[in-house]
Amino acid sequence: MAVSGEGRDAPEELRSWADDLSGHADAMGLLAHGNLFHLYTHDGQTGVSLSARPMPLNFVAAWRQFTGAYAPA
């Protein structure tokens, strides 16, 4: 089943979301509570999906141990 995106402008919707501070706060709230954030927009030619999920702290701690593995030139 084809979904019509007539009258929509996916790039403009993304630009609008980029400037939407309350939308960002909502997304951060979802992530802070362990939930997935997902934004989907489409028009007649383009569909764009942005998503983020919270990362476990133990991954971040394990990743940081490798940050100094390379010496500057």
Side-chain angles (χ1 to χ4, degrees):
M1 176 171 147
V3 177
S4 173
E6 189 174 323
R8 296 183 70 167
D9 183 356
E12 182 57 37
E13 289 183 29
L14 288 173
R15 285 188 289 273
S16 294
W17 186 84
D19 293 332
D20 181 7
L21 296 181
S22 75
H24 294 182
D26 292 343
M28 293 301 289
L30 286 169
L31 294 169
H33 288 95
N35 297 305
L36 173 72
F37 165 74
H38 185 235
L39 172 74
Y40 177 74
T41 185
H42 69 94
D43 57 25
Q45 298 177 344
T46 306
V48 179
S49 177
L50 304 175
S51 62
R53 64 178 174 89
M55 297 298 292
L57 186 57
N58 60 354
F59 172 82
V60 174
W63 175 79
R64 286 187 181 153
Q65 65 184 317
F66 297 107
T67 59
Y70 300 98

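The analysis underlying the following values was restricted to heavy atoms, covering all of them including side chains, and did not include hydrogens, waters or symmetry mates.
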J.: Rounded to the nearest 0.5 Å, what separates atom CG in Leu30 from atom NE2 in His38?
T.: 12.5 Å
J.: Are Asp43 and Pro11 packed together at the side-chain level, in the sense that at least one heavy-atom pair is separated by less than 4.5 angstrom?
T.: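 Yes, close enough: below the 4.5 Å cut-off.
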J.: Do you know the tightest heavy-atom contact between Leu36 and Ala52?
T.: CD1-O, 3.0 Å
J.: I need the Thr41 OG1 to Glu12 CD distance, nearest 0.5 Å.
T.: 10.0 Å
J.: If the condition is salt bridge (Lys or Arg N to Asp or Glu O under 4.0 Å), which residues does Arg53 pass it with, not counting sequence neighbours?
T.: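 Per chain and number, Arg53 pairs via salt bridge (Lys or Arg N to Asp or Glu O under 4.0 Å) with no residue.
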J.: Are Leu14 and Leu39 close enough that some pair of their side-chain heavy atoms sits under 4.5 Å apart?
T.: yes
J.: Students often mix this up, so state it plainly: with edges at 30° and 60°, are the rings of Trp17 and Phe37 parallel, tilted or perpendicular?
T.: parallel
